[in-house]
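Structure record follows, encoded as structure tokens.
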Amino acid sequence: MEHRITCPLCEAMCGLRVTVEGHTVGAVRGNPEDVWSRGHLCPKGASLKQIHEDPDRLRLPMVRRRDGEHVQVSWDDAFAEAETVLRPVLDRHGAGAVSVYIGNPVAHNLGLETYVGALVGLAGAAGMPAYYTPGTVDQWPLNVVSALLFGGMWNAPIPDLDRTDHLMMLGANPSASQGSMLSAPDIMGRLAAIRERGGTVVVVDPRRTQTARRATEWVPVRPGTDALLLFALLHTLEERNWIRRPRHLDDMVAGLDDVVALSAEFSPERVAAATGIAAETIRRLAAGLADAESPVIYSRIGTCTQEFGTLATWLVFVLNVALGSVDRSGGAVFPKAAVWSPMFMKPPDQDGPGWQFGRFRSRVRGAPEVLGQFPISCLAEEIDTPGDGQIRALITVAGNPAISAPGARRLDAALGGLEAMISVDNWLNETTRHAHVILPGLSPLERAHCDDLYWMYSIASCVKWSDAVLPAAVGRPAEWEIMLRLAGAVVGTPIPEVDTAALDDLYTQGIVHTACQASDTPLFGRDPTEVFAALRGRGPERMIDLGIRTGPWGDDLGRRPGGLTLDEVRRHPDGLRLGELEGGRLSEVLTTPSHRIELMHPLLTADIPRLLSRIDRASDGLVLTSRRHLRSNNSWLHNVAGLMRGRDRCTLLINPTDAAHLGVSDGRPVDVSTTEGSIRVPAEVTDEMMPGVVSLPHGWGHGVDGTQMSVANAHPGVNTNVLNPAALIDVPSNTQVVNGVPCQVVPVPAAG
Ligand SMILES: Nc1nc2c(c(=O)[nH]1)N[C@H]1C(S)=C(S)[C@@H](COP(=O)(O)OP(=O)(O)OC[C@H]3O[C@@H](n4cnc5c(=O)[nH]c(N)nc54)[C@H](O)[C@@H]3O)O[C@H]1N2
Ligand SMILES: Nc1nc2c(c(=O)[nH]1)N[C@H]1C(S)=C(S)[C@@H](COP(=O)(O)OP(=O)(O)OC[C@H]3O[C@@H](n4cnc5c(=O)[nH]c(N)nc54)[C@H](O)[C@@H]3O)O[C@H]1N2
Ligand code: SF4
Ligand SMILES: [Mo]
């Protein structure tokens, strides 16, 4: 039997065909009929069978015995044990001593994505001070800039890849990542198509990645200085009178002249030394953008997780405005998501017309919150620093912060000291080894899937629903039910006694209620009782039914007969393609107070002096950056043997000039150190790195005691976040700096 599903492993959302004989998975192939991806597939998607069959993947919960060893137990015993460890903390200290860490796979997991909100929502209402996510080692600058400029933190235009004639890309390597905050199947094919139709692709990156190799031009940039480059581009556009002020943006933009005025200080000559890019190159890049019919600039993690991530991300959108490209075909266009998600609502605690920042501070370092979050590196100190409000219990949900958070050593130690730790996770790994109880979810082939968030960043309007390929074992709870159980526990019900069906109704009613009162939702003004009664099913299916039916093609809960419902979407296993990326949507998508794109904000301008002081700063010497690989997924696909074949990927990339200068030889170990820590790793000498910059992949550092990852542990690699300092932050957004970190590299003398 053949199933048609959507791959839940990355933002490309490829359609797959999975054959099954009995309960055994046969082949996994790209689905050529999928309306969205037309057959595209990468090695990760092809390994879903191996992920499912991984003998190390947990099928039963585990509890940690006194001697530290984890043993398998029944679900009843696991829930009882979770209650036993969690309740005393709640009784003694209340929810103020509890926190939650929400990891990356949550965004690709229907049940977790729709129900993790129940856990953090109820825990927050009960007094949990903050929850943590890898957002602050990822896209938080984009969220901040989206909120300020466009009104919603998940509301931003994406490059119209299929129509642009000039794409400038900074800090992104889709040849590995397959696209991020930009969903486009076969993104490399689309970049090639830009060049085939006579267009230009410019890649700004300290590393000549596979993406850069296939571009028209690679521009090596000194890490952390993109904001200087972007300001100098704006400066040049102004100087040459190349700023475009098209009619469609006339009344829709506020503050362009003010930002242009700020760019006066950033001439190409002035930023050349700091960025490592010659003034004439900057002027030529500006001319390339100005000459293009439909230029667009896109940036991603390399320009977020750096010293000036917020300013760089802001300036990308400023330039897209200055080039007249925003909301215009071929430029930076707002996708029209077919599925509405409650995530898109402004959080109810942000009740004013604008966005508030710094409404509360972290206990230990006094970090101001940004969009409700502290830097991820605060988690360790909040756990290991005694006092009122100390975190004593942690729930991790599909996350591996022991590897993914900067200052990783301290966090690893802190996790070991928790009074209660519960992990909802499918493997016994570097983080979950500290958990008193591990509650595993189903494999990607055992659960239904439907994306919501990523359609907000997609190059076409589609909707797809995937039923589970294989049945789950009898009695296994779904992850959304686990979320409800833990949520119920935090507000007082013993975990085994939580009535998940009743709590599901309450939670869904709560969301409906809030959405009916929020002016930025399609439910605004409607009767919540009526809305709830119109929904079908329960759990995540009901949530997605709500999202589809209130989306632009939905049946508006019965008011638009013939419109989409989840039932209708299910009848189309190859998906529904509803519309293409189109400009002309600005007035519909902006939710800023002025109903314009607001380019200026004190949070942004307050950071300009810090950027100016970067211009004349003496060289940082050698700096460390991060990278990804096509055959990994952050920290958790190293247990798939098929993806681990080939040579060691956890190496320090270093330019031949630096290597010669430091006495580093290819393939030989080096000691890398920073103010935070040091590690030993093999060097890979390659001119794909610009001089002065080294690169390590993130997500490694396996082989730790007490883990059950036989393949990963045989190829452990080292954890780059042992090196990335907890205290290095992009100030306005609370984002950790993992690109441009000063480091020393010393060759390890050969033994004997
Ligand atoms: N130095 C440096 N650090 C970085 C980055 C970097 O570029 N450089 N990148 C950052 C970024 S962008 C991110 S997103 C983070 C990632 O940070 P995390 O989200 O903390 O880490 P992941 O490696 O994605 O961990 C995924 C976890 O989910 C579990 N898991 C996998 N599938 C499932 C499932 O279906 N259900 C459940 N319950 N669990 C599951 C895995 O076992 C693993 O424990 O790392 C960040 N850290
Ligand atoms: N196969 C695979 N796919 C993934 C993931 C994975 O681990 N493996 N992770 C997923 C996740 S969670 C995310 S967030 C996305 C991220 O997706 P991308 O943003 O495309 O991330 P990377 O592939 O890490 O590319 C970042 C690039 O930034 C460059 N860079 C570093 N510092 C700077 C700088 O200061 N300036 C500039 N201009 N460039 C810099 C790096 O050299 C690198 O080439 O990928 C997702 N997709
Ligand atoms: S590109 Fe992403 S969605 Fe497509 S098969 Fe690979 S991992 Fe899955
Ligand atoms: Mo990420």
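Counting starts at 1 for both ligands and their atoms, in listed order.
Interface of Lys44 with ligand 2, defined as ligand atoms under 4.0 Å from a residue heavy atom, comprises 1 (N), 2 (C), 3 (N), 4 (C). Here is the list of ligand 2 atoms found below 4.0 Å of a heavy atom in Pro223: 34 (C), 35 (O). Heavy-atom contacts of Val221 reach the following atoms of ligand 2: 36 (N), 37 (C), 38 (N) (cutoff under 4.0 Å). Close contacts between ligand 2 and Gln306 involve ligand atoms 35 (O) [criterion: under 4.0 Å to a heavy atom]. Taking every non-hydrogen atom of Thr209 and a distance limit under 4.0 Å, the qualifying atoms of ligand 2 come out as 44 (O). Near His629, the atoms of ligand 2 lying under 4.0 angstrom from a non-hydrogen atom of the residue are 1 (N), 2 (C), 8 (N).
A salt bridge between Arg433 and Asp425 is absent, with no side-chain N of the basic residue lying under 4.0 Å from a carboxylate O of the acidic one. In summary, Arg300 and Asp205 do not engage in a salt bridge, as defined by a charged side-chain N under 4.0 Å from a carboxylate O. Glu688 and Arg627 are not joined by a salt bridge, as no carboxylate oxygen comes within less than 4.0 angstrom of a charged side-chain nitrogen. Look at Arg4 and Asp574 and you find a salt bridge, because one of the NZ, NE, NH1 or NH2 atoms lies within 4.0 Å of a carboxylate O, short of that distance. Using a 4.0 Å cut-off between charged nitrogen and carboxylate oxygen, Asp34 and Arg17 do not count as a salt-bridge pair. Electrostatic pairing of Glu676 and Arg410 does not count as a salt bridge here, judged by no charged N lying under 4.0 Å from a carboxylate O.
Contact between Gly740 and ligand 2 is absent, with no heavy atom of the residue lying under 4.0 Å from the ligand. The shortest heavy-atom distance from Pro206 to ligand 2 is under 4.0 Å. Contact annotation: Gly224 has at least one heavy atom less than 4.0 Å from an atom of ligand 2.
Counting only heavy atoms from C-beta outward, the side chains of Thr313 and Val144 never approach each other to under 4.5 Å. In this structure the side chain of Asn724 never reaches within 4.5 angstrom of the side chain of Thr674, judged on heavy atoms. A heavy-atom distance below 4.5 Å is found between the side chains of Trp75 and Pro440.
Around CZ of Arg645, the count of heavy atoms belonging to other residues, nucleotides or ligands within 6.0 Å does not exceed 12. For Arg409, the CZ atom sits in a loose shell: 12 or fewer heavy atoms of surrounding residues, nucleotides or ligands are nearer than 6.0 Å.
Only protein N, O or S atoms were considered, and those under 2.8 Å from atom 6 (Fe) of ligand 3 are Cys42 SG.
Put simply, the side chain of Asn739 gets close to the backbone of Ser626: a donor and an acceptor are under 3.5 Å apart.
Among the atoms of Leu630, some N or O lies under 3.5 angstrom from an N or O of ligand 2. Taking any N or O of Ala176, backbone or side chain, at least one lies under 3.5 Å from an N or O belonging to ligand 2.
Between Phe374 and Tyr132, the ring planes lie tilted relative to each other; the angle falls in the 30° to 60° range.
Here Glu11 has no heavy atoms under 4.0 Å from ligand 2, in either its backbone or its side chain. With a heavy-atom cut-off of 4.0 Å, Met13 touches ligand 3 through its backbone alone.
Sorted by chain and number, the heavy-atom contacts of ligand 1 below 4.0 Å come from Tyr101, Gly103, Asn104, Pro105, Asn109, Leu112, Pro134, Val137, Asp138, Ile301, Ala398, Gly399, Asn400, Pro401, Ser404, Val424, Asp425, Asn426, Trp427, Asn429, Arg447, Glu479, Ser626, Arg628, Asn634, Ser635, Trp636, His698, Thr720, Asn721, Asn724, Val738.
For residues 436-448, the set of pairs meeting the side chain to side chain donor-acceptor pair (under 3.5 Å) definition, not counting sequence neighbours, comprises His52-Ser443.
Taking the ring-ring contact (aromatic ring centres under 6.0 Å, His included) definition, one finds that His449 meets it with nothing, sequence neighbours left out.
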